[in-house]
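Note that these values count all heavy atoms, side chains included, but never hydrogens, waters or copies made by symmetry. Every chain is numbered from 1 and lettered A, B, ... according to where its sequence line falls, protein lines coming before strand lines.
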Amino acid sequence: AAGVIQSPRHLIKEKRETATLKCYPIPRHDTVYWYQQGPGQDPQFLISFYEKMQSDKGSIPDRFSAQQFSDYHSELNMSSLELGDSALYFCASSLVSQETQYFGPGTRLLVL
Amino acid sequence: AQTVTQSQPEMSVQEAETVTLSCTYDTSENNYYLFWYKQPPSRQMILVIRQEAYKQQNATENRFSVNFQKAAKSFSLKISDSQLGDTAMYFCAFMNPRTSGGKLIFGQGTELSVKP
């Protein structure tokens, strides 16, 4: 069965640079979630989209923005990167009617 | 605000034995969902099992089962016949479609080691 696809899988950036993370949900899934997992931490919710509209927002810095496109893929844009942004970023998708979220493999971001 | 607590940072079990991971949560809602996710060293988040709060019957998936105590707000995971491949971090997660917008609220995790 098709799973959630995230790209890139690994990313190294310098401080103050910009990064774009991409997520391709499971086909026919209408909801996308982004989570950030710092070292030794549990995943923290950042933002979600349902049918291309933002549905909820968590502790996402103002330097971050995201959107969902007409083909349902989503992008997380991160600007003015800081050392503390180094983390594993997960995308998850679901059918709003089924509540279960399936996670992608994550993007490991390292900010130097 | 809903919270999820896993009070066991680390646990270990011998291969083929049974282990139970604990999870408690706090909510004033009546309808919600609870999940256990497994995160092996690859750091992929893998769904283990899910429980709907309106269902009294405990969920079971092969060697994995839960003990859901709604009144006590407790949701423990039992792993039977533990295998080396069960070594992973296990996260308990809560979701309320109405109040949390569908986002998952995770506990701190329990790191399980299965020893040969």
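A heavy-atom distance below 4.5 Å is not found between the side chains of B/Y33 and A/Q101. Counting heavy atoms from C-beta on, the side chains of A/E99 and B/E52 never come closer than 4.5 Å. Looking at heavy atoms from C-beta onward, A/L88 lies out of side-chain contact with B/M45 at the 4.5 angstrom threshold. By the 4.5 Å heavy-atom criterion applied to side chains, A/S48 and B/K103 are not counted as neighbours.
Remark: side-chain polar atoms of B/Q44 are paired, donor with acceptor, to backbone N or O of A/F103 under 3.5 angstrom.
When heavy atoms are compared at a cutoff of 4.5 Å, A/Q44 does not approach chain B at all. Using a 4.5 Å cut-off between heavy atoms, A/Y35 contacts chain B through its side chain alone, with no backbone atom that close. With a 4.5 angstrom heavy-atom cutoff, B/R50 touches chain A only via side-chain atoms.
For the set A/G106, A/A92, A/G40, A/G104, the count of heavy-atom pairs under 4.5 angstrom toward chain B peaks at A/G104. Considering only heavy-atom pairs separated by less than 4.5 Å from chain A, the leading option among B/A93, B/S42, B/G107 is B/G107.
More than 12 heavy atoms of other residues, nucleotides or ligands lie within 6.0 Å of NZ in A/K52, so this atom counts as buried by the packing criterion. Other residues, nucleotides and ligands contribute only 12 or fewer heavy atoms inside 6.0 Å of the NZ atom of A/K22. Other residues, nucleotides and ligands contribute only 12 or fewer heavy atoms inside 6.0 Å of the CD atom of B/Q56. Around NZ of B/K70, the count of heavy atoms belonging to other residues, nucleotides or ligands within 6.0 Å exceeds 12. The neighbour count for A/D62 CG, taken as heavy atoms of other residues, nucleotides or ligands under 6.0 Å away, does not exceed 12.
When all heavy atoms of B/Q39 and A/F90 are compared, the pair lying nearest together is NE2-CZ, 3.5 Å. Residues B/F91 and A/Q37 approach most closely at CZ-NE2, 3.6 Å, considering heavy atoms.
One hydrophobic cluster, built from ILVMFWY side chains closer than 4.5 Å, cannot hold both A/V32 and A/L95; they sit in different ones. Cluster membership for A/I47 and A/Y50, using ILVMFWY side-chain heavy atoms within less than 4.5 angstrom, is not shared. Clustering ILVMFWY residues whenever any of their side-chain heavy atoms sit less than 4.5 angstrom apart, transitively, puts A/I60 in a cluster other than the one holding A/F45. Hydrophobic clustering, with ILVMFWY side chains joined whenever heavy atoms are under 4.5 angstrom apart, groups B/Y90 together with B/Y25.
Rounding to the nearest 0.5 Å places OG1 of A/T100 at 9.0 Å from CG of B/L104.
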